[in-house]
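Keep in mind that what you see is a predicted model, and the values were worked out from it rather than measured. Every chain is numbered from 1, with letters handed out A, B, ... down the list of sequences.
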Amino acid sequence: MDLQAQLKTAITEAIATVYGETVSDTTLQPTKKEFEGLYTFVTFPLTKSLRRAPAEIGQQLGQWLVQNSDLVSRFNVVQGFLNLSVADRVWTDLFTSLRTDAPVAAKGQSVMVEFSSPNTNKPLHLGHLRNNFLGESVSRILDANGFDVVRTCIVNDRGIHICKSMLAYQKFGQQPDGSWETPESSGLKGDHLIGKYYVLFDKAYKVEIEQLVGEGIEKEKAEKQAPLILEAQAMLRRWEQGDAETVTLWKRMNTWVYAGFEKTYQKIGTRFDKTYYESQTYLLGKEVVEEGLKTGVFYRKDDNSVWIDLTDESLDHKLVLRSDGTSVYITQDLGTTDLKFNDFHNQRSLWVVGNEQDYHFQVLFKIMKRLGRSYADGCYHLSYGMVDLPTGKMKSREGTVVDADDLVNTVTEAARTAADEATKGKMDEFSPDEQETLFQMIGLGALKYFLLKVDAQKRMLFNPEESVDVHGHTGPFIQYTYARTRSVMRKAADAGLSVPAELPVVSFHPTEQQLLFLLTQYPQRVAEAGADYAPSYVAQYAYELAKAFNQFYAEVTILSEPNRNLLLVRLALSELVGQTIKKSMRLLGIDVPEKM
RNA sequence: GCUUUCGUAGCUCAAUUGGAUAGAGCACCUGACUACGGAUCAGGAGGUUUGGGGUUCGAAUCCCUACGAGAGCACCA
């Protein structure tokens with residue numbers, strides 16, 4: 001039973017009895033650390049209706065509660081704040097109920113989470129990692145809240161940028177010995193190989209532009225006239241016509257890219273239930289435009305282009321079909337949004353996409369609403385901020401992009417270095433393979449935690465040094481704490497100690513109360529994280545819990561505690577903290593080690 | 001120019017959604033049974049929450065304004 005709810009009921013009763021007033025919304029807040037108490041009731045809002053001073057109300061309610069409620073053992077009043085303490089037995093009951101809490105019931109609702117959405121012309125980078133970690137974590141959090149989650153990925157596998165890589169490969173891919181470069185021959189991951197040719201295209205293209213400019217042509221014109229870009233455009237047209245040679249090359253190169261992506265996804269622990277390919281969906285949406293024209297949602301201009309007027313929703317007019325009848329970006333989205341819903345009939349649908357597309361999604365959702373789509377209200381753009389580097393923005397043109405695979409390797413190595421410094425030989429019992437697994441777990445833990453602890457909406461700074469730190473507010477700190485709880489449990493088992501189902505009533509140490517309080521907060525925090533699609537809530541929580549455990553660990557002894565009851569309670573506490581840390585980290589997509 | 005997001009310790013981030021003396025980490029100082037795991041813990045220093053008005057019992061949070069930063073304003077995706 002929820003202690004907070006019980007206290008609220010008691011307070012409502014107190015107000016009714018003492019003042020004869022009925023209050024509808026009593027809110028409790030956790031008592032600040034500097035004050036004694038578990039929960040605090042704020043009396044300021046009552047002063048008007050009760051015509052009494054805030055402190056007086058606190059005094060009177062506090063007295064009533066201590067006398068009439070068996071929950072409240074003590075109270076103190078500071079201005080308008082009534083701080084309530086609870087009895088030992090209440091703490092014990094609380095603890096017992098925590099240990100037997102049932103998992104959240106299934107909601108019978110499904111939600112689609114679309115994330116990652118890579119281009120097939122270059123490997124994943126740091127920005128994709130924030131996206132992936134967010135998408136994966138939100139998926140897990142929603143799952144923990146009882147939703148059926150469908151993870152989807154839309155691969156942008158067609159378009160002019162893909163043709164650029166293809167064209168460059170045709171031109172530069174043949175080796176001196178006459179063979180064509182492949183991932184095997186080059187030793188490059190497929191996505192990196194394709195990325196290499198995309199860069200080659202860009203270089204050669206720039207040379208051509210400079211040449212044209214040197215001949216006195218304006219830069220803007222030169223960019224449109226350069227032979228390479230014309231060739232790429234021609235290739236795109238051939239692709240759209242289904243030209244066999246072009247399509248064969250396209251398929252071959254895509255196969256390489258997908259193999260490369262798959263490796264990365266596996267390493268970072270992401271999977272998808274359904275992958276959509278733009279090459280298969282880019283023609284969708286035109287029927288939706290037709291439909292909208294018929295129902296008057298859209299209108300046609302004299303030049304034959306199709307628009308929607310969103311000015312009365314403080315947006316603008318938006319083009320949904322070009323005058324030549326071809327699609328624009330949003331046309332495709334009209335089609336794929338319908339497609340996704342028809343495939344899965346999700347009650348909710350999330351798009352994990354950077355905030356530079358805020359406007360696009362506002363427009364998209366408004367259109368779906370006007371088209372009368374039943375799912376429109378369940379659509380949500382999980383918008384996240386860009387990742388900056390200490391040197392400024394990531395710019396692919398300037399080569400300042402942080403590659404995802406490189407980064408994962410870097411953090412793994414950093415974990416190895418940190419372990420060498422910290423453990424002094426404790427790693428010896430691990431086999432080389434086990435060490436490798438562990439370092440990757442810790443490195444990824446550091447990286448994921450670093451990216452997830454910040455509010456997703458906000459722009460953030462990626463400091464490479466801080467991202468691999470293992471001290472302080474970091475993933476490895478939390479992982480370490482988990483390993484500590486496991487160490488305690490192993491030692492206890494060795495000593496033949498086990499945690500009984502029924503716990504004795506003891507007097508709890510302040511650090512124990514703090515831990516118990518945090519443990520009671522877990523379901524609520526997970527629920528809030530689900531409601532706001534906010535992994536950062538869970539990340540903050542896991543840190544608070546780990547920190548509190550380390551304080552507890554330093555303040556009291558566990559295994560050498562002479563009082564048997566205390567010993568057992570502390571053991572039970574360590575166990576539950578470990579489990580809760582593990583669950584929290586799992587929601588972030590971070591694994592925790594038994595030893596480190 | 002219009003629209004929009006943001007501005008919190010030297011740096012990176014919190015702040016239970018309007019509540020108490022604004023909290024953590026990093027960096028910088030000082031300490032901790034030679035260890036139930038020191039990848040830890042305790043303490044110190046660090047703030048006019050960008051400036052200025054307003055709303056109220058109460059504002060980092062809501063409103064206005066100035067300044068500063070980012071993003072969006074294609075018949076690109």
Parallel, tilted or perpendicular: which describes the rings of A:F450 and A:F462, with under 30° parallel and over 60° perpendicular?
perpendicular
Which nucleotide in [options] has an atom nearest any side-chain atom of [X]:
X      : options             : value
A:Q540 : B:C13, B:C76, B:A39 : B:C13
A:I442 : B:A39, B:C41, B:C57 : B:A39
A:D532 : B:U17, B:C41, B:G19 : B:U17
A:H471 : B:A14, B:A20, B:A39 : B:A39
A:E356 : B:A39, B:G19, B:A71 : B:A71
A:V470 : B:G37, B:C26, B:A39 : B:A39
A:V454 : B:G37, B:G19, B:A14 : B:A14
A:L559 : B:C57, B:G37, B:C36 : B:C36
A:A419 : B:A39, B:G19, B:A42 : B:A39

Phosphate-side-chain proximity, [X] and [N], N/O vs OP1/OP2 below 4.0 Å:
X      : N     : answer
A:R322 : B:C76 : yes
A:Y553 : B:G37 : yes
A:R459 : B:U12 : no
A:K547 : B:U40 : no
A:Q524 : B:U16 : no
A:K453 : B:A24 : no

Using the P atom as the reference point in each nucleotide, state the distance between B:A24 and B:G43 in Å, no decimals.
9 Å
For B:C62 versus B:G46, give the span between their P atoms, rounded off to a whole number of Å.
29 Å
For [X], report the nucleic acid contact type (base, sugar-phosphate, nothing); a contact means any heavy atom under 4.0 Å.
X      : value
A:K32  : base
A:P54  : nothing
A:V306 : nothing
A:F477 : sugar-phosphate
A:S305 : base
A:N119 : nothing

When the distance from NZ of A:K595 to P of B:A39 is rounded to whole Å, what number comes out?
16 Å
Could you tell me how far apart A:F552 (CZ) and B:U40 (C1') are, to the nearest whole angstrom?
14 Å
